[in-house]
Number of protein chains: 2
Amino acid sequence: MFPPLRVEPTYRKLALAIETRILERSLRDGEPLPTEAELSTQFDVHRSTVREALRELESAGLVTRRRGTKRLVVTRPGAARIADTVGRALSLEDVTVLEVWEALHLVAPAAAANGARRRTAADLAAIEAAYQRFTEDSVDTARALVHMLAFFRAVTRTSGNRVLMLTLEPLLKLMEPTLAQMVAGVPQARARITTAQRRILEALTARDTEAARTWMSRYLRDFRRGYELASISLEQRVAWRSSNR
Amino acid sequence: MFPPLRVEPTYRKLALAIETRILERSLRDGEPLPTEAELSTQFDVHRSTVREALRELESAGLVTRRRGTKRLVVTRPGAARIADTVGRALSLEDVTVLEVWEALHLVAPAAAANGARRRTAADLAAIEAAYQRFTEDSVDTARALVHMLAFFRAVTRTSGNRVLMLTLEPLLKLMEPTLAQMVAGVPQARARITTAQRRILEALTARDTEAARTWMSRYLRDFRRGYELASISLEQRVAWRSSNR
DNA sequence: TCAGGCGGATTGTCGGACGATACGCCCTCC
DNA sequence: GGAGGGCGTATCGTCCGACAATCCGCCTGA
(Lines give C-alpha, C1' and ligand atoms only; values in the text may rest on other atoms or scores of the structure.)
Protein backbone atom coordinates (compact mmCIF):
# COMPACT_ATOMS: atom_id res chain seq x y z
CA MET A 1 0.00 0.00 0.00
CA PHE A 2 1.48 3.27 -1.10
CA PRO A 3 0.48 6.70 0.06
CA PRO A 4 -1.54 8.41 -2.66
CA LEU A 5 1.14 10.51 -4.23
CA ARG A 6 0.10 14.05 -4.72
CA VAL A 7 1.60 16.39 -7.25
CA GLU A 8 0.99 19.94 -6.25
CA PRO A 9 1.01 22.39 -9.11
CA THR A 10 3.78 24.93 -9.06
CA TYR A 11 1.52 27.87 -8.34
CA ARG A 12 0.37 26.21 -5.17
CA LYS A 13 3.83 25.36 -3.99
CA LEU A 14 4.78 28.91 -4.68
CA ALA A 15 1.84 30.28 -2.75
CA LEU A 16 2.65 27.99 0.13
CA ALA A 17 6.28 29.05 0.11
CA ILE A 18 5.39 32.71 0.34
CA GLU A 19 2.66 32.06 2.88
CA THR A 20 5.13 30.23 5.05
CA ARG A 21 7.49 33.17 4.91
CA ILE A 22 4.70 35.44 6.02
CA LEU A 23 3.57 33.17 8.84
CA GLU A 24 7.06 32.82 10.18
CA ARG A 25 7.39 36.58 10.06
CA SER A 26 10.33 36.72 7.72
CA LEU A 27 8.04 38.80 5.57
CA ARG A 28 6.49 41.26 7.93
CA ASP A 29 3.22 43.13 8.00
CA GLY A 30 3.37 46.22 5.83
CA GLU A 31 6.43 45.10 3.97
CA PRO A 32 6.16 45.23 0.19
CA LEU A 33 6.33 41.95 -1.64
CA PRO A 34 9.03 41.57 -4.28
CA THR A 35 7.83 42.44 -7.75
CA GLU A 36 6.32 39.76 -9.92
CA ALA A 37 9.33 39.79 -12.19
CA GLU A 38 11.63 39.36 -9.24
CA LEU A 39 9.66 36.47 -7.80
CA SER A 40 9.54 34.95 -11.23
CA THR A 41 13.34 35.10 -11.39
CA GLN A 42 13.93 33.93 -7.84
CA PHE A 43 11.69 30.90 -8.11
CA ASP A 44 12.57 30.40 -11.75
CA VAL A 45 9.01 30.14 -12.99
CA HIS A 46 7.06 32.18 -15.43
CA ARG A 47 5.40 35.35 -14.33
CA SER A 48 1.96 33.96 -15.11
CA THR A 49 2.59 31.24 -12.58
CA VAL A 50 3.71 33.79 -10.03
CA ARG A 51 0.55 35.75 -10.61
CA GLU A 52 -1.64 32.74 -9.97
CA ALA A 53 0.10 32.21 -6.68
CA LEU A 54 -0.30 35.87 -5.82
CA ARG A 55 -4.02 35.74 -6.50
CA GLU A 56 -4.27 32.98 -3.94
CA LEU A 57 -2.45 34.96 -1.31
CA GLU A 58 -4.44 38.01 -2.20
CA SER A 59 -7.77 36.31 -1.76
CA ALA A 60 -6.53 34.89 1.53
CA GLY A 61 -5.85 38.45 2.61
CA LEU A 62 -2.18 37.80 3.25
CA VAL A 63 -1.17 40.40 0.72
CA THR A 64 -3.11 43.46 -0.30
CA ARG A 65 -2.79 46.39 -2.58
CA ARG A 66 -3.14 49.74 -0.92
CA ARG A 67 -5.69 51.94 -2.62
CA GLY A 68 -4.37 53.27 -5.90
CA THR A 69 -1.02 51.57 -5.77
CA LYS A 70 0.59 48.78 -7.68
CA ARG A 71 2.85 46.89 -5.35
CA LEU A 72 1.41 44.25 -3.11
CA VAL A 73 2.21 44.56 0.56
CA VAL A 74 2.08 41.89 3.22
CA THR A 75 -0.93 42.25 5.48
CA ARG A 76 -2.82 40.34 8.10
CA PRO A 77 -6.27 39.26 7.13
CA GLY A 78 -8.41 41.59 9.19
CA ALA A 79 -11.75 41.00 10.85
CA ALA A 80 -13.58 42.16 7.76
CA ARG A 81 -11.97 39.57 5.59
CA ILE A 82 -12.59 36.80 8.07
CA ALA A 83 -16.17 37.86 8.37
CA ASP A 84 -16.41 37.68 4.62
CA THR A 85 -15.06 34.18 4.45
CA VAL A 86 -17.07 32.83 7.34
CA GLY A 87 -20.21 34.63 6.33
CA ARG A 88 -20.05 33.28 2.84
CA ALA A 89 -19.47 29.77 4.11
CA LEU A 90 -22.35 29.93 6.55
CA SER A 91 -24.65 31.32 3.94
CA LEU A 92 -23.75 28.52 1.58
CA GLU A 93 -24.48 26.02 4.33
CA ASP A 94 -28.02 27.36 4.41
CA VAL A 95 -27.60 28.38 8.00
CA THR A 96 -30.72 29.98 9.43
CA VAL A 97 -31.13 33.29 11.14
CA LEU A 98 -32.05 31.38 14.25
CA GLU A 99 -28.72 29.61 14.33
CA VAL A 100 -26.82 32.84 14.00
CA TRP A 101 -28.95 34.44 16.66
CA GLU A 102 -28.29 31.52 18.97
CA ALA A 103 -24.58 31.75 18.44
CA LEU A 104 -24.69 35.46 19.10
CA HIS A 105 -26.83 34.92 22.15
CA LEU A 106 -24.21 32.56 23.37
CA VAL A 107 -21.13 34.61 22.67
CA ALA A 108 -22.16 38.15 23.43
CA PRO A 109 -23.46 37.76 27.00
CA ALA A 110 -20.40 35.78 27.94
CA ALA A 111 -18.18 38.39 26.37
CA ALA A 112 -20.00 41.09 28.28
CA ALA A 113 -19.64 39.19 31.52
CA ASN A 114 -15.97 38.72 30.87
CA GLY A 115 -15.66 42.35 29.96
CA ALA A 116 -17.28 43.49 33.17
CA ARG A 117 -14.19 42.26 34.97
CA ARG A 118 -11.57 43.74 32.73
CA ARG A 119 -13.07 46.78 31.11
CA THR A 120 -10.86 49.84 31.15
CA ALA A 121 -11.94 53.45 31.18
CA ALA A 122 -11.15 53.65 27.49
CA ASP A 123 -13.40 50.68 26.83
CA LEU A 124 -16.24 52.37 28.62
CA ALA A 125 -15.70 55.56 26.69
CA ALA A 126 -15.93 53.65 23.43
CA ILE A 127 -19.12 51.94 24.48
CA GLU A 128 -20.64 55.14 25.70
CA ALA A 129 -19.76 56.81 22.43
CA ALA A 130 -21.54 54.08 20.49
CA TYR A 131 -24.49 54.32 22.83
CA GLN A 132 -24.67 58.07 22.43
CA ARG A 133 -24.50 57.88 18.70
CA PHE A 134 -27.34 55.42 18.67
CA THR A 135 -29.59 57.58 20.81
CA GLU A 136 -28.84 60.66 18.75
CA ASP A 137 -28.78 59.21 15.28
CA SER A 138 -31.13 56.30 14.95
CA VAL A 139 -33.87 57.73 12.80
CA ASP A 140 -32.32 56.41 9.66
CA THR A 141 -32.39 52.63 9.96
CA ALA A 142 -29.10 52.11 8.20
CA ARG A 143 -27.31 54.51 10.52
CA ALA A 144 -29.01 53.02 13.55
CA LEU A 145 -27.69 49.64 12.50
CA VAL A 146 -24.17 50.93 12.20
CA HIS A 147 -24.30 52.24 15.74
CA MET A 148 -25.82 49.06 17.10
CA LEU A 149 -23.09 46.97 15.60
CA ALA A 150 -20.52 49.41 16.91
CA PHE A 151 -21.98 48.92 20.36
CA PHE A 152 -21.61 45.17 20.10
CA ARG A 153 -18.05 45.49 18.95
CA ALA A 154 -17.17 47.88 21.71
CA VAL A 155 -18.67 45.63 24.38
CA THR A 156 -16.94 42.59 23.01
CA ARG A 157 -13.65 44.43 22.90
CA THR A 158 -13.80 44.83 26.67
CA SER A 159 -13.26 41.12 26.97
CA GLY A 160 -9.77 41.74 25.68
CA ASN A 161 -10.12 38.61 23.64
CA ARG A 162 -9.39 38.90 19.97
CA VAL A 163 -10.75 35.45 19.29
CA LEU A 164 -14.14 36.60 20.47
CA MET A 165 -13.95 39.73 18.42
CA LEU A 166 -13.11 37.79 15.33
CA THR A 167 -15.88 35.33 16.07
CA LEU A 168 -18.40 38.06 16.59
CA GLU A 169 -17.79 39.87 13.36
CA PRO A 170 -19.34 37.44 10.91
CA LEU A 171 -22.32 36.97 13.18
CA LEU A 172 -23.03 40.67 13.18
CA LYS A 173 -22.66 40.89 9.43
CA LEU A 174 -25.06 38.02 8.98
CA MET A 175 -27.62 39.47 11.33
CA GLU A 176 -27.45 42.89 9.76
CA PRO A 177 -30.05 42.58 6.98
CA THR A 178 -32.79 41.04 9.10
CA LEU A 179 -31.88 43.24 12.04
CA ALA A 180 -32.42 46.24 9.83
CA GLN A 181 -35.82 44.90 8.82
CA MET A 182 -36.68 44.46 12.45
CA VAL A 183 -35.63 47.93 13.53
CA ALA A 184 -37.47 49.44 10.62
CA GLY A 185 -40.60 47.42 11.26
CA VAL A 186 -40.96 47.58 15.02
CA PRO A 187 -41.77 51.08 16.32
CA GLN A 188 -40.78 50.47 19.90
CA ALA A 189 -37.51 48.78 18.96
CA ARG A 190 -35.35 51.87 19.26
CA ALA A 191 -36.53 52.64 22.76
CA ARG A 192 -35.93 49.11 23.95
CA ILE A 193 -32.52 49.03 22.38
CA THR A 194 -31.61 52.27 24.07
CA THR A 195 -32.68 50.92 27.43
CA ALA A 196 -30.82 47.67 27.06
CA GLN A 197 -27.67 49.37 25.90
CA ARG A 198 -27.81 51.74 28.84
CA ARG A 199 -28.21 48.87 31.27
CA ILE A 200 -25.33 47.03 29.76
CA LEU A 201 -23.19 50.12 29.91
CA GLU A 202 -24.10 50.62 33.55
CA ALA A 203 -23.32 47.04 34.39
CA LEU A 204 -19.93 47.28 32.79
CA THR A 205 -19.25 50.53 34.54
CA ALA A 206 -20.14 48.94 37.85
CA ARG A 207 -18.09 45.86 36.97
CA ASP A 208 -21.19 43.85 37.62
CA THR A 209 -20.54 40.58 35.83
CA GLU A 210 -23.95 39.08 36.21
CA ALA A 211 -25.87 42.20 35.33
CA ALA A 212 -23.78 42.56 32.18
CA ARG A 213 -24.51 39.01 31.19
CA THR A 214 -28.19 39.28 31.97
CA TRP A 215 -28.78 42.52 30.17
CA MET A 216 -26.89 41.47 27.12
CA SER A 217 -28.89 38.30 27.08
CA ARG A 218 -32.13 40.23 27.44
CA TYR A 219 -31.05 42.62 24.75
CA LEU A 220 -30.64 39.74 22.36
CA ARG A 221 -33.84 38.08 23.40
CA ASP A 222 -35.54 41.33 22.60
CA PHE A 223 -34.21 41.07 19.10
CA ARG A 224 -35.91 37.79 18.80
CA ARG A 225 -39.16 39.20 20.03
CA GLY A 226 -38.77 42.04 17.58
CA TYR A 227 -38.38 39.53 14.79
CA GLU A 228 -41.66 37.98 15.73
CA LEU A 229 -43.40 41.33 15.93
CA ALA A 230 -42.07 42.24 12.51
CA SER A 231 -43.03 38.80 11.19
CA ILE A 232 -39.48 37.98 10.23
CA SER A 233 -39.03 34.26 10.07
CA LEU A 234 -36.15 32.93 12.11
CA GLU A 235 -36.09 29.89 9.92
CA GLN A 236 -35.08 31.77 6.83
CA ARG A 237 -31.59 31.36 5.54
CA VAL A 238 -29.13 34.11 6.22
CA ALA A 239 -28.48 36.30 3.24
CA TRP A 240 -25.06 37.09 1.95
CA ARG A 241 -24.03 39.61 -0.58
CA SER A 242 -20.39 39.41 -1.55
CA SER A 243 -18.73 42.58 -0.46
CA ASN A 244 -16.80 43.74 -3.47
CA ARG A 245 -14.26 45.09 -1.08
CA MET B 1 -16.57 65.70 -3.50
CA PHE B 2 -16.48 62.63 -5.68
CA PRO B 3 -16.44 59.05 -4.51
CA PRO B 4 -12.95 57.64 -5.00
CA LEU B 5 -13.43 55.81 -8.24
CA ARG B 6 -12.19 52.31 -8.17
CA VAL B 7 -11.18 50.33 -11.17
CA GLU B 8 -11.35 46.67 -10.42
CA PRO B 9 -9.07 44.52 -12.49
CA THR B 10 -10.79 42.09 -14.81
CA TYR B 11 -9.73 39.01 -12.92
CA ARG B 12 -11.47 40.31 -9.82
CA LYS B 13 -14.66 41.18 -11.63
CA LEU B 14 -14.58 37.75 -13.13
CA ALA B 15 -14.09 36.07 -9.78
CA LEU B 16 -16.91 38.10 -8.33
CA ALA B 17 -19.20 37.22 -11.20
CA ILE B 18 -18.62 33.51 -10.74
CA GLU B 19 -18.83 33.79 -6.97
CA THR B 20 -22.17 35.50 -7.28
CA ARG B 21 -23.44 32.71 -9.45
CA ILE B 22 -22.38 30.22 -6.83
CA LEU B 23 -23.91 32.14 -3.95
CA GLU B 24 -27.21 32.52 -5.72
CA ARG B 25 -27.16 28.80 -6.42
CA SER B 26 -27.27 29.03 -10.17
CA LEU B 27 -24.03 27.08 -9.99
CA ARG B 28 -24.72 24.33 -7.54
CA ASP B 29 -22.58 22.31 -5.20
CA GLY B 30 -20.88 19.46 -7.00
CA GLU B 31 -21.50 20.89 -10.42
CA PRO B 32 -18.43 21.12 -12.63
CA LEU B 33 -17.28 24.57 -13.62
CA PRO B 34 -17.06 25.31 -17.35
CA THR B 35 -13.61 24.73 -18.74
CA GLU B 36 -11.10 27.54 -18.70
CA ALA B 37 -11.31 27.89 -22.45
CA GLU B 38 -15.06 28.13 -22.28
CA LEU B 39 -15.01 30.74 -19.57
CA SER B 40 -12.41 32.61 -21.52
CA THR B 41 -14.71 32.64 -24.53
CA GLN B 42 -17.86 33.46 -22.60
CA PHE B 43 -16.36 36.39 -20.77
CA ASP B 44 -14.19 37.30 -23.70
CA VAL B 45 -10.96 37.53 -21.76
CA HIS B 46 -7.71 35.73 -22.02
CA ARG B 47 -7.34 32.37 -20.40
CA SER B 48 -4.58 33.65 -18.10
CA THR B 49 -7.06 36.12 -16.72
CA VAL B 50 -9.60 33.38 -16.18
CA ARG B 51 -7.02 31.35 -14.35
CA GLU B 52 -6.22 34.19 -11.99
CA ALA B 53 -9.89 34.47 -11.16
CA LEU B 54 -10.11 30.73 -10.64
CA ARG B 55 -7.19 30.78 -8.22
CA GLU B 56 -9.13 33.25 -6.14
CA LEU B 57 -12.20 31.09 -6.03
CA GLU B 58 -10.09 28.06 -5.40
CA SER B 59 -8.35 29.54 -2.41
CA ALA B 60 -11.72 30.70 -1.13
CA GLY B 61 -12.82 27.09 -1.27
CA LEU B 62 -15.70 27.83 -3.59
CA VAL B 63 -14.31 25.54 -6.24
CA THR B 64 -12.13 22.52 -5.72
CA ARG B 65 -10.45 19.87 -7.70
CA ARG B 66 -11.31 16.34 -6.70
CA ARG B 67 -8.29 14.15 -6.13
CA GLY B 68 -6.60 13.29 -9.40
CA THR B 69 -9.02 15.11 -11.64
CA LYS B 70 -8.73 18.12 -13.85
CA ARG B 71 -12.03 19.88 -13.86
CA LEU B 72 -12.89 22.21 -11.06
CA VAL B 73 -16.17 21.57 -9.32
CA VAL B 74 -18.24 23.95 -7.27
CA THR B 75 -18.00 23.24 -3.55
CA ARG B 76 -18.88 24.81 -0.26
CA PRO B 77 -15.94 25.83 1.87
CA GLY B 78 -16.07 23.21 4.61
CA ALA B 79 -15.19 23.48 8.27
CA ALA B 80 -11.60 22.56 7.56
CA ARG B 81 -11.09 25.43 5.20
CA ILE B 82 -12.71 27.89 7.54
CA ALA B 83 -10.56 26.64 10.35
CA ASP B 84 -7.57 27.15 8.14
CA THR B 85 -8.47 30.72 7.32
CA VAL B 86 -9.42 31.71 10.83
CA GLY B 87 -6.53 29.87 12.41
CA ARG B 88 -4.03 31.56 10.18
CA ALA B 89 -5.53 34.95 10.89
CA LEU B 90 -5.53 34.42 14.63
CA SER B 91 -2.00 33.18 14.58
CA LEU B 92 -0.90 36.24 12.64
CA GLU B 93 -2.64 38.41 15.20
CA ASP B 94 -0.35 36.92 17.83
CA VAL B 95 -3.33 35.59 19.70
CA THR B 96 -2.34 33.74 22.85
CA VAL B 97 -3.25 30.25 23.96
CA LEU B 98 -5.11 31.85 26.83
CA GLU B 99 -7.39 33.73 24.49
CA VAL B 100 -8.22 30.62 22.53
CA TRP B 101 -8.80 28.70 25.72
CA GLU B 102 -11.12 31.41 26.95
CA ALA B 103 -13.10 31.39 23.77
CA LEU B 104 -13.37 27.63 23.93
CA HIS B 105 -14.35 27.80 27.57
CA LEU B 106 -17.09 30.14 26.57
CA VAL B 107 -18.42 28.31 23.56
CA ALA B 108 -18.19 24.66 24.52
CA PRO B 109 -20.10 24.68 27.82
CA ALA B 110 -22.88 26.69 26.28
CA ALA B 111 -22.99 24.34 23.34
CA ALA B 112 -23.15 21.39 25.70
CA ALA B 113 -25.95 23.00 27.67
CA ASN B 114 -27.83 23.66 24.50
CA GLY B 115 -27.17 20.15 23.36
CA ALA B 116 -28.54 18.65 26.53
CA ARG B 117 -31.94 19.82 25.44
CA ARG B 118 -31.86 18.68 21.87
CA ARG B 119 -29.52 15.74 21.71
CA THR B 120 -30.86 12.80 19.79
CA ALA B 121 -30.03 9.17 20.30
CA ALA B 122 -27.72 9.34 17.32
CA ASP B 123 -25.88 12.26 18.87
CA LEU B 124 -25.35 10.29 22.04
CA ALA B 125 -24.09 7.32 20.10
CA ALA B 126 -21.53 9.51 18.35
CA ILE B 127 -20.35 10.99 21.62
CA GLU B 128 -20.17 7.63 23.27
CA ALA B 129 -18.16 6.31 20.36
CA ALA B 130 -15.66 9.13 20.72
CA TYR B 131 -15.53 8.53 24.45
CA GLN B 132 -14.96 4.83 23.97
CA ARG B 133 -12.22 5.39 21.47
CA PHE B 134 -10.47 7.70 23.86
CA THR B 135 -10.56 5.27 26.73
CA GLU B 136 -9.33 2.42 24.58
CA ASP B 137 -6.79 4.19 22.46
CA SER B 138 -5.15 7.02 24.29
CA VAL B 139 -1.68 5.69 24.87
CA ASP B 140 -0.34 7.36 21.80
CA THR B 141 -0.68 11.09 22.37
CA ALA B 142 -1.49 11.91 18.78
CA ARG B 143 -4.30 9.39 18.70
CA ALA B 144 -5.59 10.51 22.06
CA LEU B 145 -5.78 14.03 20.69
CA VAL B 146 -7.78 12.92 17.69
CA HIS B 147 -10.33 11.27 19.94
CA MET B 148 -10.51 14.27 22.26
CA LEU B 149 -11.24 16.60 19.41
CA ALA B 150 -13.80 14.16 18.06
CA PHE B 151 -15.51 14.25 21.44
CA PHE B 152 -15.69 18.03 21.32
CA ARG B 153 -17.11 17.98 17.85
CA ALA B 154 -19.68 15.36 18.73
CA VAL B 155 -20.83 17.30 21.76
CA THR B 156 -21.05 20.52 19.85
CA ARG B 157 -23.01 18.84 17.12
CA THR B 158 -25.77 18.07 19.61
CA SER B 159 -26.49 21.77 19.73
CA GLY B 160 -27.74 21.41 16.19
CA ASN B 161 -26.10 24.71 15.42
CA ARG B 162 -23.75 24.80 12.49
CA VAL B 163 -22.50 28.22 13.42
CA LEU B 164 -21.17 26.83 16.66
CA MET B 165 -19.59 23.91 14.92
CA LEU B 166 -17.86 26.17 12.48
CA THR B 167 -16.74 28.43 15.28
CA LEU B 168 -15.40 25.57 17.30
CA GLU B 169 -13.26 24.10 14.58
CA PRO B 170 -10.48 26.69 14.42
CA LEU B 171 -10.31 26.80 18.20
CA LEU B 172 -9.69 23.09 18.40
CA LYS B 173 -7.08 23.23 15.71
CA LEU B 174 -5.31 26.03 17.49
CA MET B 175 -5.37 24.26 20.83
CA GLU B 176 -4.15 21.02 19.40
CA PRO B 177 -0.37 21.47 19.62
CA THR B 178 -0.28 22.68 23.21
CA LEU B 179 -3.00 20.26 24.19
CA ALA B 180 -0.83 17.46 22.91
CA GLN B 181 2.06 18.73 24.99
CA MET B 182 -0.18 18.81 28.00
CA VAL B 183 -1.53 15.29 27.56
CA ALA B 184 1.95 14.00 26.98
CA GLY B 185 3.37 15.80 29.96
CA VAL B 186 0.74 15.26 32.65
CA PRO B 187 0.42 11.63 33.78
CA GLN B 188 -2.99 11.95 35.35
CA ALA B 189 -4.43 13.87 32.41
CA ARG B 190 -5.92 10.85 30.68
CA ALA B 191 -7.80 9.70 33.76
CA ARG B 192 -9.24 13.13 34.38
CA ILE B 193 -10.24 13.51 30.76
CA THR B 194 -11.98 10.15 30.87
CA THR B 195 -13.92 11.16 33.96
CA ALA B 196 -14.98 14.51 32.60
CA GLN B 197 -16.04 13.05 29.29
CA ARG B 198 -18.09 10.42 31.05
CA ARG B 199 -19.82 13.02 33.19
CA ILE B 200 -20.60 15.13 30.17
CA LEU B 201 -21.96 12.12 28.36
CA GLU B 202 -24.12 11.26 31.34
CA ALA B 203 -25.42 14.78 31.61
CA LEU B 204 -26.37 14.82 27.96
CA THR B 205 -28.02 11.44 28.29
CA ALA B 206 -30.06 12.69 31.22
CA ARG B 207 -30.80 15.94 29.37
CA ASP B 208 -29.41 17.74 32.36
CA THR B 209 -28.59 21.18 30.98
CA GLU B 210 -26.74 22.50 33.96
CA ALA B 211 -24.70 19.41 34.59
CA ALA B 212 -23.64 19.41 30.96
CA ARG B 213 -22.55 23.00 31.20
CA THR B 214 -20.77 22.52 34.48
CA TRP B 215 -18.87 19.43 33.48
CA MET B 216 -17.81 20.82 30.18
CA SER B 217 -16.63 23.89 31.97
CA ARG B 218 -14.74 21.79 34.50
CA TYR B 219 -13.27 19.73 31.74
CA LEU B 220 -11.84 22.83 30.16
CA ARG B 221 -10.64 24.23 33.43
CA ASP B 222 -8.81 21.00 33.91
CA PHE B 223 -7.00 21.65 30.69
CA ARG B 224 -5.80 24.87 32.10
CA ARG B 225 -4.60 23.20 35.23
CA GLY B 226 -2.86 20.65 33.12
CA TYR B 227 -1.08 23.40 31.26
CA GLU B 228 0.24 24.72 34.52
CA LEU B 229 1.36 21.29 35.65
CA ALA B 230 3.14 20.77 32.36
CA SER B 231 4.62 24.27 32.56
CA ILE B 232 3.03 25.34 29.33
CA SER B 233 2.71 29.07 29.22
CA LEU B 234 -0.77 30.31 28.46
CA GLU B 235 0.74 33.55 27.28
CA GLN B 236 2.53 32.00 24.36
CA ARG B 237 1.26 32.70 20.92
CA VAL B 238 -0.71 30.00 19.21
CA ALA B 239 1.23 28.15 16.59
CA TRP B 240 0.04 27.61 13.08
CA ARG B 241 1.41 25.38 10.42
CA SER B 242 -0.20 25.85 7.04
CA SER B 243 -1.96 22.67 6.14
CA ASN B 244 -0.89 21.91 2.61
CA ARG B 245 -4.29 20.37 2.10
C1' DT C 1 11.35 74.81 -1.87
C1' DC C 2 8.08 72.88 -4.44
C1' DA C 3 4.99 72.13 -8.65
C1' DG C 4 5.33 69.95 -12.70
C1' DG C 5 7.26 67.06 -16.19
C1' DC C 6 9.67 62.95 -17.76
C1' DG C 7 11.26 58.17 -18.05
C1' DG C 8 11.68 53.77 -16.11
C1' DA C 9 9.49 50.16 -13.44
C1' DT C 10 5.56 47.38 -12.58
C1' DT C 11 1.17 45.62 -13.24
C1' DG C 12 -2.86 43.97 -16.11
C1' DT C 13 -4.09 41.71 -20.07
C1' DC C 14 -3.37 39.53 -24.19
C1' DG C 15 -2.07 36.06 -28.13
C1' DG C 16 -0.16 31.85 -28.64
C1' DA C 17 2.31 27.37 -27.76
C1' DC C 18 3.37 22.78 -25.96
C1' DG C 19 3.74 18.75 -22.92
C1' DA C 20 1.24 15.96 -19.60
C1' DT C 21 -2.67 13.64 -18.40
C1' DA C 22 -7.52 12.53 -17.31
C1' DC C 23 -11.49 11.07 -19.81
C1' DG C 24 -14.43 8.93 -22.90
C1' DC C 25 -14.94 5.98 -26.72
C1' DC C 26 -14.31 1.94 -29.09
C1' DC C 27 -12.50 -2.42 -29.78
C1' DT C 28 -11.24 -6.93 -28.49
C1' DC C 29 -11.53 -10.99 -25.92
C1' DC C 30 -13.65 -14.05 -22.94
C1' DG D 1 -23.01 -9.25 -23.08
C1' DG D 2 -19.63 -7.56 -19.95
C1' DA D 3 -14.72 -6.65 -18.63
C1' DG D 4 -10.44 -5.02 -19.79
C1' DG D 5 -7.32 -2.49 -22.55
C1' DG D 6 -5.74 0.88 -26.06
C1' DC D 7 -6.15 5.26 -28.33
C1' DG D 8 -7.52 10.05 -29.46
C1' DT D 9 -8.84 14.28 -27.61
C1' DA D 10 -10.07 17.71 -24.28
C1' DT D 11 -8.29 20.19 -20.66
C1' DC D 12 -4.99 21.71 -17.54
C1' DG D 13 -0.27 23.50 -16.10
C1' DT D 14 3.33 26.13 -17.53
C1' DC D 15 5.82 28.88 -20.47
C1' DC D 16 7.33 32.68 -24.02
C1' DG D 17 6.76 37.08 -25.30
C1' DA D 18 4.39 41.56 -25.96
C1' DC D 19 2.24 45.96 -25.02
C1' DA D 20 -0.63 49.56 -22.91
C1' DA D 21 -1.72 51.84 -18.65
C1' DT D 22 -0.10 53.86 -14.76
C1' DC D 23 2.47 54.44 -10.62
C1' DC D 24 6.84 56.16 -8.76
C1' DG D 25 10.96 58.44 -8.25
C1' DC D 26 13.95 61.83 -10.00
C1' DC D 27 15.08 65.92 -12.10
C1' DT D 28 14.19 70.48 -13.55
C1' DG D 29 12.82 75.15 -13.53
C1' DA D 30 10.48 78.92 -11.42
Side-chain angles (χ1 to χ4, degrees), chain A residues 2-19 21-22 27-28 30-75 242 244-245, chain B residues 2-19 21-22 27 30-75 244-245:
Chain A
F2 291 102
L5 63 89
R6 211 176 209 320
V7 222
E8 295 274 328
T10 310
Y11 67 79
R12 187 177 296 298
K13 285 191 224 151
L14 229 173
L16 201 63
I18 301 176
E19 181 188 329
R21 291 276 245 295
I22 295 176
L27 280 173
R28 250 168 269 139
E31 205 169 324
L33 218 56
T35 67
E36 297 175 356
E38 207 163 323
L39 288 171
S40 142
T41 314
Q42 285 185 28
F43 287 98
D44 195 35
V45 295
H46 192 261
R47 192 161 74 94
S48 305
T49 308
V50 171
R51 295 191 109 242
E52 292 190 41
L54 291 184
R55 290 300 84 80
E56 263 200 52
L57 299 179
E58 201 182 13
S59 96
L62 291 173
V63 301
T64 334
R65 203 182 329 283
R66 295 216 188 90
R67 238 267 299 144
T69 187
K70 291 195 148 180
R71 297 290 291 274
L72 287 168
V73 298
V74 176
T75 48
S242 319
N244 44 339
R245 186 174 41 260
Chain B
F2 290 101
L5 62 88
R6 200 175 221 318
V7 218
E8 295 274 329
T10 309
Y11 65 81
R12 188 177 293 297
K13 285 191 224 153
L14 229 173
L16 201 63
I18 301 176
E19 180 188 330
R21 290 277 244 296
I22 296 176
L27 281 173
E31 205 169 326
L33 219 55
T35 67
E36 296 175 356
E38 206 163 325
L39 288 171
S40 145
T41 312
Q42 284 185 29
F43 287 99
D44 193 35
V45 295
H46 193 259
R47 191 162 73 98
S48 304
T49 308
V50 171
R51 296 192 108 243
E52 291 188 42
L54 291 183
R55 291 300 84 80
E56 266 201 49
L57 299 178
E58 199 183 14
S59 96
L62 291 173
V63 301
T64 335
R65 199 182 333 282
R66 296 217 188 88
R67 237 268 302 145
T69 189
K70 290 193 152 181
R71 297 290 288 276
L72 287 169
V73 298
V74 176
T75 47
N244 44 337
R245 185 176 37 273

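None of the values given here were measured: they were computed from a predicted structure. Computed from heavy atoms alone, side chains included, the values below leave out hydrogens, waters and symmetry copies. Numbers restart at 1 for each chain; the letters A, B, ... are given by sequence-line order, proteins then strands.
- The separation between B:His46 atom NE2 and C:dG15 atom P is 6 Å, rounded to whole Å.
- Around atom CZ of A:Arg21, no more than 12 heavy atoms belonging to other residues, nucleotides or ligands sit under 6.0 Å away.
- Checked against side chain to side chain contact (heavy atoms under 4.5 Å, CB included), B:Val74 has the following partners two or more places apart in sequence or in another chain: B:Ile22, B:Leu27, B:Leu33.
- Checked against side chain to side chain donor-acceptor pair (under 3.5 Å), B:Thr75 has the following partners two or more places apart in sequence or in another chain: B:Thr64.
- Side chain of A:Arg55 to backbone of B:Glu52: no donor-acceptor contact under 3.5 angstrom is found.
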Open item on the list: Run the side-chain contact (heavy atoms from CB on, under 4.5 Å) test on B:Leu54 and B:Leu14 for me, step by step, so that the C-alpha distance in whole Å, both residues' side-chain angles and the decisive distance to 0.1 Å come before the verdict.
Closed with: CA-CA 9 Å; B:Leu54 291 183; B:Leu14 229 173; over 6 Å; no

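- Contact footprint of chain B on DNA chain D: nucleotides with an atom under 4.0 Å from a non-hydrogen protein atom, first to last in 5' to 3' order, D:dT11 to D:dT14.
- Close to C:dG12, at under 4.0 Å from its OP1 or OP2, lies a side-chain N or O of A:Arg65.
- Among residues two or more places apart in sequence or in another chain, the side chain to side chain contact (heavy atoms under 4.5 Å, CB included) test is passed with B:Arg66 by B:Thr69, B:Val73.
- If you take CG of B:Leu14 and P of C:dT13, they are 9 Å apart, rounded to a whole angstrom.
- Under the salt bridge (charged side-chain N to carboxylate O under 4.0 Å, His left out) criterion, the residue pairs touching residues 32-49 of chain B are B:Glu36-B:Arg47, B:Glu36-B:Arg51, with sequence neighbours excluded.
- Judged purely by atom type and a 3.5 angstrom limit, A:Ser40 has no side-chain atom pairing as donor or acceptor with the backbone of A:His46.
- Along DNA chain D, the nucleotide closest to B:Ala37 and the one closest to A:Asp44 are compared, and the more 5′ of them pairs with B:Ala37.
- The CD-C1' distance, from B:Glu36 to C:dG16, rounds to 15 Å in whole Å.
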Task: B/S/- contact track for nucleotides 17-25 of chain C, protein heavy atom under 4.0 Å - done: B--BBSS--

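- Contact between the side-chain N/O atoms of B:Thr10 and the OP1/OP2 oxygens of C:dT13 is found at a separation under 4.0 Å.
- No contact: B:Arg66 has no heavy atom under 4.0 Å from any strand.
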